[in-house]
Amino acid sequence: DWSSDVCSHILHYENRKLRTYKGNLSEFVKQKPEARSYYQLSESPISFKFPEPGYLEGVKTKDKAILKMVKVGFAYPGPDGKPAAKQTLTGVSIYITLSSRVAVLGANGAGKSTMIKLLTGEMECQDGTVWKHPNLRIAYVAQHAFHHIEQMLDKTANQYIQWRYAIGEDREALTKVDRIITDEERKKMNQQFMVEGVKRVVEKILSRRKLKSSYEYEIKWINLAEDKNTYIPRDELIDMGFEKMVVEVDAKEAAAQGLMAKPLTQKNIMNHLEDFGLEPEFSTHSLMRGLSGGQKVKVVLGAAMWNNPHILVLDEPTNYLDRDSLGALAEAIKAFGGGVVMITHNREFYTALTQETWLVADGKLIPTGQTNAAAARELAKFEVQDEVTDAYGNIIKVKAPTRLKMSNKEKKANEKLRKARKERGEEVTDSEEDA
């Protein structure tokens, strides 16, 4: 190790002071045994704790795909504004489960961050499809992590999270491409549709309800009273051009499920950020402008995971974190009940967590080390939430949803929808019949 071969003195920051230790790193660790994490990440004296993701409808095993890309291709715009002839990515097919621990590798500029942005809905692909479970919650921390908070530096971390989730879902999700409707899409949605022998125009989608392994959505029609609302199956709505409106309803439902047991109070947020190594002095009583780079990364990570995500996506998570925090992050990822995808050049960090890698090179993605799904089959364990505490400390009982039995006609319609989903490359399994 170069630090043992080269260094003659070690400057160590402890208890808000700099102390000088004579000798190399090996000698320093002998004097400060708690600094063993400089040699082994698992020896970190501090710890992070990620929130458990919670129930995901229809997912009974941790080997089931809940997010995937199928033959995805993407090219950035050329001088004429159209996609360039040479694609940045082509033919990318991957999947993620609740047990995934994936390291994304490749040279700078190979397209790793582009792939991650396509996966998380930050950008849209031109070829192929990106499919995700309708109730999936994804936490995404960008490579330039500070961009998440750069407009809020004169607020505390606590105030930032209160603002970010005040509307009942993550404000950052509202700016993703998969939520922004283009003029062309809006024109298609404004056309008339024949319903029950009458031409109608959709005004908005109000809600959804379970339709066996999928959902159907309540449609409010223009110039018609609400007692004329009708329900249309998810796949049919997508074929009609309403995919982004469907995604918006799904996102709100998923957010509500993740936030149901977490009142957005100062105390709850303070406790949450303590699980990410940020003490109340810095999370609640200091402006973010005065925080160190490592502390800001903890804020961003904690904020992204406030809604109990099922998948955590990290782009260069080791930037700005000190050695102890890096060890704490590694151990938290190991213990996390959801899937993790991380772009990193830190070999020590990712080899301590996984053997599964996605190598991005020459526009292709090559997966290696994927676990045999049958051999690794593991029941997904979700804690059943039977009561929650609101912002005033009141305990509220949560009733389980009533399961409705389908008629033969509904079963035939459902089988038709399953077939259409398979043709689009979506994840459809026999276990959904019991969902």
Query raised in the report: For D80, does the CG atom have more than 12 heavy-atom neighbours from other residues, nucleotides or ligands under 6.0 Å away?
Result: yes

Query raised in the report: Can you check whether S26's main-chain N or O pairs, donor with acceptor, with N24's side chain at less than 3.5 Å?
Result: yes

Query - Exam field: side chain K112 to backbone A107, donor-acceptor pair closer than 3.5 Å - result: yes

**Report entry** H144 atom NE2: more than 12 heavy-atom contacts under 6.0 Å
**Finding:** no

Requested in this report: Could you check if a side-chain atom of S207 sits within less than 4.5 angstrom of a side-chain atom of V249, using non-hydrogen atoms only?
Outcome: no

Query raised in the report: Which is it for E316 and H345 under the side-chain hydrogen bond (donor to acceptor under 3.5 Å, both in side chains) test, yes or no, and what are the steps along the way?
Result: CA-CA 7 Å; E316 295 290 0; H345 292 286; 3.3 Å; yes

Query - Minimum-distance pair of heavy atoms, taken over all atoms of Q31 and K22 - result: NE2-O, 3.6 Å

Query raised in the report: Which value, rounded to the nearest 0.5 Å, describes the distance between E281 atom CD and T284 atom OG1?
Result: 10.5 Å

Query raised in the report: Just how far is it from atom CG of N346 to atom OG1 of T318, taken to the nearest 0.5 Å?
Result: 5.0 Å

Requested in this report: Would you check if F74 and V92 make a side-chain contact, meaning some heavy-atom pair closer than 4.5 Å?
Outcome: no

Query raised in the report: Is there a side-chain contact between V72 and L118 (heavy atoms, below 4.5 Å)?
Result: yes

Query - Heavy-atom neighbours of Y320 OH exceed 12 at 6.0 Å - result: no

Query raised in the report: What is the minimum heavy-atom distance between G338 and P53, and which atoms define it?
Result: N-CG, 3.9 Å

Requested in this report: Could you tell me whether the side chain of V340 reaches within less than 4.5 Å of the side chain of V102, counting heavy atoms only?
Outcome: no

Requested in this report: Could you go through the salt bridge (Lys or Arg N to Asp or Glu O under 4.0 Å) check for R179 and E243 one step at a time?
Outcome: CA-CA 9 Å; R179 295 286 294 272; E243 182 171 8; over 6 Å; no

Taking only distance into account, with no hydrogens and no angle test, what donor-acceptor pairs under 3.5 Å do side-chain atoms of residues 292-302 form with protein atoms, sequence neighbours excluded?
{"residue": "S292", "atom": "OG", "partner": "Q295", "partner atom": "N", "Å": "3.2"}
{"residue": "S292", "atom": "OG", "partner": "Q295", "partner atom": "OE1", "Å": "3.3"}
{"residue": "Q295", "atom": "OE1", "partner": "S292", "partner atom": "N", "Å": "2.9"}
{"residue": "K298", "atom": "NZ", "partner": "S325", "partner atom": "OG", "Å": "3.4"}

Query raised in the report: Between the side chain of N308 and the main-chain N/O of G54, is any donor-acceptor distance below 3.5 Å?
Result: no

Query raised in the report: Ion pair present between E185 and K188, side-chain N to carboxylate O less than 4.0 angstrom?
Result: no

Query raised in the report: Any donor and acceptor pair, going by atom type alone, linking the side chain of K244 with main-chain N or O of V177 inside 3.5 Å?
Result: yes

**Report entry** Note, I343 side chain near Q143 side chain (heavy atom, < 4.5 Å)
**Finding:** no

Requested in this report: Kindly confirm or rule out a cation-pi arrangement of K155 over W163, judged by NZ or CZ under 6.0 Å from the six-membered ring centre and within 45° of its axis?
Outcome: no

Report task. Assess whether side-chain hydrogen bond (donor to acceptor under 3.5 Å, both in side chains) is satisfied between D63 and T61, documenting all intermediate values. Result -> CA-CA 5 Å; D63 69 319; T61 58; 2.6 Å; yes

Query - Heavy atoms from other residues, nucleotides or ligands near NZ of K117 exceed 12 (cutoff 6.0 Å) - result: no

Query raised in the report: Would E274 and K49 pass as an ion pair if we require N to O under 4.0 Å?
Result: no

Report task. Find the distance between CG (L56) and NE2 (H133) and round it off to the nearest 0.5 Å. Result -> 4.0 Å

Requested in this report: Measure across Q355 and T351 and return the closest heavy-atom pair with its distance rounded to 0.1 Å.
Outcome: NE2-O, 3.9 Å

Requested in this report: Determine the interplanar angle of the F28 and Y21 rings, folded into 0 to 90°, and report it as parallel if under 30°, tilted if 30 to 60°, perpendicular if over 60°.
Outcome: perpendicular

Requested in this report: Go through I138 and L67 one step at a time and tell me if the side-chain contact (heavy atoms from CB on, under 4.5 Å) criterion holds.
Outcome: CA-CA 10 Å; I138 302 174; L67 175 63; 3.9 Å; yes

Requested in this report: Dump the intermediate steps for side-chain contact (heavy atoms from CB on, under 4.5 Å) on C7 and L25, then the final yes or no.
Outcome: CA-CA 7 Å; C7 296; L25 184 61; over 6 Å; no

Query raised in the report: Does the R36 side chain pair with the main chain of P33, one donor and one acceptor, at a distance under 3.5 Å?
Result: yes

Query - side-chain contact (heavy atoms from CB on, under 4.5 Å) assessment of Y160 paired with H148 - result: CA-CA 10 Å; Y160 165 62; H148 294 278; 3.9 Å; yes

Query - Where M189 and G241 come nearest, the two heavy atoms and their spacing - result: CG-O, 3.5 Å

Report summary line: Residues K176 and E122: closest non-hydrogen pair is CE-OE2, 3.0 Å

Query raised in the report: If you round to the nearest 0.5 Å, how far is CG of N307 from CG of L259?
Result: 5.5 Å

Query raised in the report: Is the backbone N or O of K62 less than 3.5 Å from a side-chain atom of S99, with the two atoms forming a donor-acceptor pair by type?
Result: yes

Query - Heavy atoms of other groups near E184 CD, more than 12 under 6.0 Å - result: no

Query - Heavy-atom donor-acceptor pair, K64 side chain to G58 backbone, under 3.5 Å - result: yes

Query raised in the report: Once you round to the nearest 0.5 Å, how far does CD1 of I311 lie from OG of S100?
Result: 7.0 Å

**Report entry** Salt bridge flag under 4.0 Å for residues R323 and E43
**Finding:** no

Query raised in the report: With no hydrogens and no angle check, is any side-chain donor or acceptor of S93 less than 3.5 Å from a backbone partner on K71?
Result: yes

Query raised in the report: Just by modelled atom types, is the T156 backbone N or O under 3.5 Å from a matching donor or acceptor in the Q159 side chain?
Result: yes

Report summary line: Rounding to 0.5 Å, atoms OG1 (T357) and CE (M342) come to a distance of 10.5 Å

Report task. Measure up the W306 and H272 rings against each other and bin them: parallel (under 30°), tilted (30 to 60°), perpendicular (over 60°). Result -> perpendicular

Report task. Verify the ring-centre separation between F276 and F50: is it less than 6.0 angstrom? Result -> yes

Requested in this report: Evaluate the side-chain hydrogen bond (donor to acceptor under 3.5 Å, both in side chains) criterion for residues D315 and S113: first the C-alpha distance (whole Å), next the side-chain angles of each, then the deciding distance (0.1 Å), finally the verdict.
Outcome: CA-CA 7 Å; D315 194 342; S113 293; 2.7 Å; yes

Query raised in the report: Is there side-chain contact between L314 and I333, with heavy atoms separated by less than 4.5 Å?
Result: yes

**Report entry** Sequence neighbours excluded, every pair satisfying salt bridge (charged side-chain N to carboxylate O under 4.0 Å, His left out) that has a member inside residues 125-146
**Finding:** none

Requested in this report: Report yes if the side chains of E218 and I205 come closer than 4.5 Å at any heavy-atom pair, otherwise no.
Outcome: no

Query raised in the report: How far apart are the C-alpha atoms of Y217 and V246, what are their side-chain angles, what is the distance that settles it, and do they pass the side-chain contact (heavy atoms from CB on, under 4.5 Å) test?
Result: CA-CA 8 Å; Y217 296 75; V246 168; 3.6 Å; yes

Query raised in the report: Which pair of non-hydrogen atoms, one from A330 and one from L353, has the smallest distance, and what is that distance?
Result: O-CD2, 3.1 Å

Query raised in the report: Within 45° of the six-membered ring axis of Y215 and under 6.0 Å from that ring's centre, is NZ or CZ of R234 located there?
Result: no

Query raised in the report: Counting N and O atoms only, with roles assigned by atom type, does the side chain of T354 sit under 3.5 Å from a partner on the main chain of R101, one being a donor and the other an acceptor?
Result: yes

Query raised in the report: Can you check side-chain hydrogen bond (donor to acceptor under 3.5 Å, both in side chains) on T114 and Y76, steps first, answer last?
Result: CA-CA 10 Å; T114 299; Y76 283 98; 2.6 Å; yes

Query raised in the report: Side chains of V341 and I116: does their closest heavy-atom pair fall under 4.5 Å?
Result: yes

